[in-house]
Number of protein chains: 2
Amino acid sequence: MTKPATSAERPARSPRHVRGPAPTLHDVAREAGVSLATASRVLNGSERKVAESFRERVESAAGKLGYTANVSAQSIAKGTSPVIALLVADIADPYFGQIASGVARGADEEGLVVTIAITERDQAREARIVRALRGQRPRGLILAASRTQEATEAETAHELAEFVRQGGRVVAFGPDGEGERHIEIDNRSGAEALGRLMAERGYRRAIVLGAADGVRTSDDRLVGFRASFEQAGGVVESVHRGDFRRESGAAGMRAALDRGVEAGTLVFAISDVVALGAMSAIRDAGREIGTDIAVCGFDDVPASSDVSPALTTVRVPLSDVGYQAFRATVDVEWVQAPLPLEVIVRASTPMVGS
Amino acid sequence: MTKPATSAERPARSPRHVRGPAPTLHDVAREAGVSLATASRVLNGSERKVAESFRERVESAAGKLGYTANVSAQSIAKGTSPVIALLVADIADPYFGQIASGVARGADEEGLVVTIAITERDQAREARIVRALRGQRPRGLILAASRTQEATEAETAHELAEFVRQGGRVVAFGPDGEGERHIEIDNRSGAEALGRLMAERGYRRAIVLGAADGVRTSDDRLVGFRASFEQAGGVVESVHRGDFRRESGAAGMRAALDRGVEAGTLVFAISDVVALGAMSAIRDAGREIGTDIAVCGFDDVPASSDVSPALTTVRVPLSDVGYQAFRATVDVEWVQAPLPLEVIVRASTPMVGS
DNA sequence: GTGAAAGCGCTAACAG
DNA sequence: CTGTTAGCGCTTTCAC
């Protein structure tokens with residue numbers, strides 16, 4: 001039976017130095033001697049329409065109290081929250097790190113908050129997380145994690161559909177799906193260009209370190225590479241399956257080395273991180289990277305230019321990709337801006353015979 | 001003059017396939033034919049006390065409607081929000097990426113959400129961001145960005161103080177401050193161990209690539225290194241100032257090379273990322289890393305073991321650091337767990353004379 | 001056990 | 001322009 005607490009009854013705010021709950025708009029209004037509405041208008045509302053004298057009093061009261069609007073309260077009152085949720089497999093992976101930084105840049109421009117969640121490449125986890133994120137009623141959900149299947153796992157797909165049905169927007173990486181926006185990276189063409197160039201440099205034998213069969217990104221890169229490389233007279237001798245992690249590259253490479261790798265062979269790793277793992281395995285086996293066993297990757301993460309020999313790769317503008325994903329999440333009209341891929345030839349793939 | 005919308009008046013939820021606002025607890029309750037309170041109890045409340053039959057009806061209704069509790073509403077009703085805010089300078093930097101992943105791991109364990117913001121190493125931005133984050137009423141605020149000054153900038157400090165006064169907890173990296181919890185990395189000892197080991201390996205001349213004077217992390221590392229290195233008879237010939245970025249390392253190294261660097265000199269970079277930049281500059285100058293110019297860094301980011309020659313460094317358990325920071329943010333009783341540093345000697349610093 | 005109703009902090013009509 | 005007031009979606013006494 002508590003009576004509504006009018007400003008008169010509410011205990012006044014404690015002095016500055018005392019620890020206590022965050023001040024509310026109510027507190028500010030009382031302190032300034034104005035109404036809630038007025039205080040709201042000057043502090044948050046859509047500009048104009050408040051006398052200068054009032055405005056000043058409110059602002060000074062707010063400053064004195066250290067007031068900051070409660071975002072949750074605003075969200076529920078306005079019916080929309082300022083958050084964008086980002087789902088990545090592993091934030092410590094440079095691939096996702098770059099993407100995340102692009103997303104953050106965009107969010108910052110629009111004054112939005114980005115919430116981040118890690119799937120650890122676990123499908124069940126992913127579904128749980130999407131569910132939890134839905135609770136935040138984010139404006140958009142960016143699914144950068146799903147380098148996995150072409151079709152996301154059923155449970156996750158269901159959560160996503162529900163989210164979309166309730167007015168959220170989901171942006172995923174990969175080919176077009178229903179009702180969602182997608183960021184397309186032309187992996188296939190990029191890989192084609194790479195395969196062609198490698199053939200031109202004189203390579204004729206290649207082994208590929210790929211992810212599981214059916215993983216879209218990996219498949220596209222593999223298909224593209226193979227197409228142009230074989231067309232130019234090269235041959236892909238074997239494909240080792242794994243995932244996108246460094247360790248997978250090392251393991252795949254070790255397996256290949258065990259079966260024997262002729263000098264002059266080119267190793268095409270599905271991503272730079274995988275290539276880095278492979279390079280390490282090659283070194284550990286006492287082989288030399290470059291003229292002995294050449295290596296190329298895909299993505300152009302920062303580390304690729306630091307290793308030595310530096311890694312030949314296909315540059316994907318990852319940060320822009322993240323930025324684009326963000327835009328897709330908030331813009332009403334949206335068409336994906338071009339995301340040009342570029343082959344970067346470095347020392348890990350010297351001209352054959354030179 | 002809108003009358004309170006009773007369940008009877010409220011339009012029933014649209015059919016499943018229609019797009020519309022997210023269903024509310026109200027909707028679920030009506031669908032299940034129970035009261036708001038009951039629905040709340042089974043879906044979110046603290047267990048027990050609801051008849052099995054009711055529970056089932058509510059759960060099925062929730063499932064049917066695709067209901068997910070609105071976190072904002074819960075936050076304001078409960079007076080506490082499930083978020084931890086993380087502030088980093090640059091999420092694409094592997095140093096911060098590792099830390100973030102540790103924070104995310106902890107948050108996940110506790111069912112908390114992590115919100116991430118990027119300062120871009122800009123003090124003014126940092127203050128603005130802290131202010132914005134305060135609005136989320138996060139349980140805790142982790143300041144991983146401030147590798148900058150010993151004392152955070154005034155404006156930021158003020159926002160932080162306000163946050164703490166209002167019951168938030170801030171965890172910063174660095175030496176102890178007032179009322180806040182801090183994560184201490186024993187940079188000084190780590191650097192001492194490194195300097196000692198380098199001297200043992202036969203190095204006698206070193207140049208340092210540091211951050212600005214007054215930047216705590218950098219100063220500690222520099223002081224520690226110099227202490228043991230000089231004690232062992234070595235001499236630090238020069239200190240080039242910059243920041244923690246790769247480019248800073250490259251620039252500092254170029255400057256040093258311009259002034260001339262004798263063979264057998266050891267370059268100690270304040271962080272691995274800086275060391276990576278330096279290595280690149282050394283290569284560009286046509287010098288060799290290792291027996292010609294040796295390089296060592298600090299942090300042991302993943303890329304350090306991938307470069308060749310691999311980088312000698314001091315391993316900081318970055319992910320654990322992030323995890324610890326998270327714990328400090330939520331635990332009532334908290335003492336920092338040990339964060340052992342370990343010197344990792346790799347090929348970039350061969351024994352002198354071998 | 002279950003339900004009614006009073007808020008949580010804020011916004012947005014709607015009156016003055 | 002300024003103040004009143006009815007919610008936003010949910011939790012939580014407090015009765016029944």
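Below, chains carry the letters A, B, ... as their sequence lines are ordered, and counting in each starts from 1.
Taking atom CZ of residue Arg137(A) and atom C1' of nucleotide dC10(D), one finds them 11 Å apart after rounding to whole Å. Across the protein-nucleic acid pair, Leu25(A) atom CG and dA12(C) atom P stand 12 Å apart, rounded to whole Å. Counting to the nearest Å, the C1' atom of dG7(D) and the NZ atom of Lys78(A) are 16 Å from each other. In this entry the distance linking CD1 of Ile76(A) with P of dG7(D) reads 14 Å, nearest Å. Here dG7(D) presents its P atom at 19 Å from CG of Asn70(B), a figure rounded to the nearest Å. In this structure, His26(A) atom NE2 and dT11(C) atom C1' are separated by 14 Å, rounded to whole Å. Regarding Arg30(B), its CZ atom lies at a distance of 20 Å from the P atom of dT2(C), rounded to whole Å. Taking atom CD of Gln166(A) as the reference point, atom P of dG9(D) lies 12 Å away to the nearest angstrom.
Shown here are the side-chain hydrogen bond (donor to acceptor under 3.5 Å, both in side chains) partners of Thr80(B), two or more places apart in sequence or in another chain: Arg139(B). Ala73(B) is linked by a side chain to side chain contact (heavy atoms under 4.5 Å, CB included) to Ile76(A), Asn70(B), counting only residues two or more places apart in sequence or in another chain. Evaluation of the side-chain hydrogen bond (donor to acceptor under 3.5 Å, both in side chains) rule for Gln74(B) yields no partner, not counting sequence neighbours. Every side-chain hydrogen bond (donor to acceptor under 3.5 Å, both in side chains) that Asp108(B) has, sequence neighbours left out, goes to Arg125(A). The side chain to side chain contact (heavy atoms under 4.5 Å, CB included) check on Ala92(A) picks up Asp90(A), Gln98(B), Ser101(B), with sequence neighbours excluded. Here Glu110(A) pairs with Arg327(A) under the side-chain hydrogen bond (donor to acceptor under 3.5 Å, both in side chains) rule; sequence neighbours left out. Residues that satisfy the salt bridge (charged side-chain N to carboxylate O under 4.0 Å, His left out) test with Arg134(A), not counting sequence neighbours, are Glu159(A). Judged as a side chain to side chain contact (heavy atoms under 4.5 Å, CB included), and not counting sequence neighbours, the contacts of Ala107(B) are Leu112(B), Val114(B), Phe326(B).
With axes fitted over five pairs at each extremity, the angle between the ends of the helix from dG1(C)-dC16(D) to dG16(C)-dC1(D) is 40° (10° resolution).
The list of side chain to side chain donor-acceptor pair (under 3.5 Å) pairs with a residue in residues 34-44 of chain B, not counting sequence neighbours, reads Ser35(B)-Thr38(B).
Neither OP1 nor OP2 of dC10(C) sits under 4.0 Å from any side-chain N or O of Gln74(A).
Checked by atom type and distance alone, the side chain of Arg169(B) never pairs as donor or acceptor with a backbone atom of Gly140(B) at under 3.5 Å. No side-chain donor-acceptor contact under 3.5 Å links Gln336(A) to the backbone of Gln324(A).
At a non-hydrogen distance threshold of 4.0 Å, Ala51(B), Phe54(B) from residues 51-61 of chain B come into contact with DNA chain C. Against DNA chain D, the stretch residues 35-44 of chain B makes heavy-atom approaches under 4.0 Å through Ala37(B), Ser40(B), Asn44(B).
Nearest-nucleotide positions on DNA chain C place Lys49(B) closer to the 5' end than the other of Lys49(B) and Ala73(B).
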